[in-house]
Every structure is written in structure tokens, then in C-alpha cells.
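Right, I'll just put the structure down here and ask away after.
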Protein chains: 2
Amino acid sequence: MDKQIHNRKLEQLITNGVPEDDHAKKISDFFKATGEPTRVKIILALSQTSLSVNEIAEILNMSQSGISHQLKTLRDARIVVGERFGKEVHYRLVDNHIVRIFEQVIKHADE
Amino acid sequence: MDKQIHNRKLEQLITNGVPEDDHAKKISDFFKATGEPTRVKIILALSQTSLSVNEIAEILNMSQSGISHQLKTLRDARIVVGERFGKEVHYRLVDNHIVRIFEQVIKHADE
DNA sequence: TGAACATATGAACAGATGTGCATATGTTTG
DNA sequence: CAAACATATGCACATCTGTTCATATGTTCA
């Protein structure tokens, strides 16, 4: 038999809803995409201007392939979008939601 | 010889500052801590009320040890703090910065 | 003090993740 | 069409990470 829920705090959580797996997964998927230094640098760079893959690789001093892989992760998390112009693909942040989230986190990290 | 920086966008990034390793590391450390479903659930639960380790373990249906390890990660990222009351340690979110960040991310994830 | 309870920590292991290399796909231009 | 350039993708591998088990540390109370 399960342990009994025995206090007010747990009752409150039961009523307001224990965190659901799907919900938590969605949220952590976003954070997972931003939880890596290279991808953070990409996002910070794109917060200033849109950039092609090679430009990002040049700025961050990494291989084109490495950057392309990371951009895929960021695309999957709907953090960046790429638009093709001829041979190049210009990447930019999806919206400035992202920038606002980063601003808050930077504030938090600087305390 | 390095490739020449050859366009306006890159010049702008150079002036405004290419993303620094330390800065990116700090930011990604925060995101890394939130980028895992179990820890997200802990944070969501703590956003409603403070909880002891065993209470969290019960709610999330996980081992005490597992939760304790995750709480260490969250402590290290200064997302939660624990305060001891007798035998128990009550955990809570450090500030409501965290909740605001989560609200924004949830909005982003729900689009 | 010793038993019972709550939490923390170290070791070990399976599974996930970041990166570079080689190569494929897509696009332009001669 | 072929060559040159930009980007994407599969593979392989080293590293990192989440979880459990066993045990240590901390606290209360009889």
C-alpha cells in the first residue's frame, strides 16, 4: 500500500496538480537546448544580428559541422530559424521571448 | 593566417563583444540545472510550497537518494535552498526570479 | 547512549550528448 | 554540366549525467 498523503502541503499539491511528466518534459526540453556553452554563445551572437552558419563558426572558432549540429538542436527547440538566401542560410532567434529569458537568467547568475 | 573579418555584421559583433567563454559557461550552468525533467518537477512543486526531501520523493515517486542528488545540483546552481528544522530539511526556491523565468519558458513552449 | 528517522554522499553503470571527420545535399556560376 | 561554395547529416568516440545501492552523517528521543 502506498504511503498516505498526510499533510496540508501535499494535499495542496494534489489539488493544484502534481507536476505532470509531459509538461515537465516540454519545459526541460527548452532548458536542455540552452544548457550548453556553445549554444549559449550562438544565441548571444544571434541576439545582436542574424548570421550565416559559416559566420557563426568563424566567430566561435569552431568547425562548420559542429555549429550545424548545434543549430539543429536549437531549431528543434524552436529557438532559432534559418532562412535560405542563395547558398547561405541566415539564422536568427525565433522571437525576443528568448532574449528576455536570457536577460533574467543573466541577472540571476550575476547576483 | 586567419580568415579576415569581412563584413559589417561581424564588425558589429567584434565591437559589441563576441560571447565570452566564462559568461556563456555561467549562463549555461543555470540552464543545465533546469534542463532535466526531474529537476523541473522539483522546481514546479517548490513553486507552490516548500517541501522536505521525503515529501518531494513521495510526490515524484522517486528514491530519497535520487532526489537528494538532484537537490544538490539545484543548490549548486543557487536555484533552491534548504533549511534544517530538526531532522528534516525544508527546501524552497531561492527567489521568484525562477518562477518568472519558468513562466516565460512555459509561454514559449505552449506556442 | 543507542535506536529510529531524515538527509547526504560515494561508487558504479547505463544511457545521453558534443564534437570532428567524411561525405551527402543544395545552390550558384562559368 | 562541372566546379566551387555553403550547409546538413551519419558515424564514431570520448565525456558527461541520472539513477540506484550501500553507507555515512546529522538529529531526536526514550
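When reading the values below, keep in mind they use all heavy atoms of this one structure, side chains included, and skip hydrogens, waters and symmetry mates. Throughout, protein chains are lettered first and strands after them, A, B, ... in sequence-line order, and every chain is numbered starting at 1.
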Can you tell me how far P of D:dC29 sits from NZ of B:Lys87, to the nearest Å?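 Rounding to the nearest Å, NZ of B:Lys87 and P of D:dC29 are 7 Å apart.
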
Could you tell me whether B:Gly66 contacts a base, only the sugar-phosphate backbone, or nothing, with contacts defined as non-hydrogen atoms closer than 4.0 Å?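 It contacts base atoms.
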
Euclidean distance, atom NZ of residue A:Lys72 to atom C1' of C:dG18 [Å, nearest integer]: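 Taking atom C1' of C:dG18 as the reference, NZ of A:Lys72 is at 15 Å.
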
Which one, C:dG26, C:dT7, D:dG18, comes nearest to the side chain of B:Arg84?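 For the B:Arg84 side chain, the nearest candidate turns out to be C:dT7.
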
Pair of N/O donor and acceptor under 3.5 Å linking D:dT19 base with B:Ser65 side chain: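 Answer is no: no donor-acceptor pair is held.
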
For the side chain of B:Gln64 and the base of C:dA6, is some donor closer than 3.5 Å to an acceptor across the two?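 No pair found.
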
So if I take every side-chain heavy atom of B:His69 and compare against D:dC5, C:dA11, C:dT7, which nucleotide ends up nearest?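 Per side-chain heavy atoms of B:His69, the pick is C:dA11.
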
Please state whether the base of D:dC21 and the side chain of B:Ser63 form at least one donor-acceptor pair under 3.5 Å?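 There is none.
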
From C:dA6, D:dT7, C:dA8, nucleotide with atom closest to B:Ser68 side chain: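 Ranking C:dA6, D:dT7, C:dA8 by closest atom to the B:Ser68 side chain puts C:dA8 first.
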
Considering only C:dG18, C:dG26, C:dT17, which nucleotide approaches the side chain of A:Arg39 most closely?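 Looking only at side-chain atoms, A:Arg39 lies closest to C:dG18.
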
Rounded to whole angstroms, how far apart are CE on B:Met62 and C1' on D:dC21?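 B:Met62 atom CE is separated from D:dC21 atom C1' by 14 Å.
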
Contact class for A:Thr73 vs. all strands (heavy atom < 4.0 Å): base, sugar-phosphate, or nothing?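 The answer is nothing, as A:Thr73 stays clear of every strand by at least 4.0 Å.
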
With a 4.0 Å cut-off on heavy atoms, is A:Tyr91 in touch with a base, just the backbone sugar-phosphate, or nothing at all?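 Contact class for A:Tyr91: sugar-phosphate only.
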
Can you find a pair of side-chain heavy atoms, one from A:Asp95 and one from B:His108, that are under 4.5 Å apart?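 The answer is yes, as the side chains (C-beta and beyond) meet within the 4.5 Å cut-off.
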
Atom pair distance, as rounded to whole Å: CD in B:Glu88 and P in C:dA4: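 Distance, rounded to whole Å: 19 Å.
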
Considering only side-chain heavy atoms of B:Val53, which listed nucleotide, D:dA8, D:dT19, C:dT7, is closest?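 Selected nucleotide: C:dT7.
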
Presence of salt bridge, A:Asp29 and A:Lys25, under 4.0 angstrom: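 Counted as a salt bridge, because a side-chain N and a carboxylate O are separated by less than 4.0 Å.
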
Starting at the 5' end of DNA chain C and moving along, which residue's nearest nucleotide shows up first, A:Asn61 or A:Phe85?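 So the residue in question is A:Asn61.
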
With the threshold set at 4.0 Å, does a side-chain nitrogen-carboxylate oxygen contact exist between A:Asp76 and A:Lys72?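 Yes, A:Asp76 and A:Lys72 are salt-bridged.
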
For atom CD1 of B:Ile56 and atom C1' of C:dA6, their distance in whole Å: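 Atom CD1 in B:Ile56 sits about 13 Å away from atom C1' in C:dA6.
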
Centroid-centroid distance, B:Phe31 to A:Phe102, less than 6.0 Å: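 Ring centroids of B:Phe31 and A:Phe102 are less than 6.0 Å from each other.
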
Take atom CG in B:Asn61; do more than 12 heavy atoms of anything else shown fall under 6.0 Å from it?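 Counting neighbours around CG of B:Asn61, 12 or fewer heavy atoms of other residues, nucleotides or ligands fall under 6.0 Å, so no.
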
A:Asn54 side chain N/O closer than 4.0 Å to the phosphate oxygens (OP1, OP2) of D:dT7?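 For A:Asn54, the contact criterion (side-chain N or O under 4.0 Å from OP1 or OP2 of D:dT7) is met.
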
Rounded interatomic separation in angstrom, taking CG from A:Leu71 and C1' from D:dT7: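 About 10 Å, once rounded to whole Å.
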
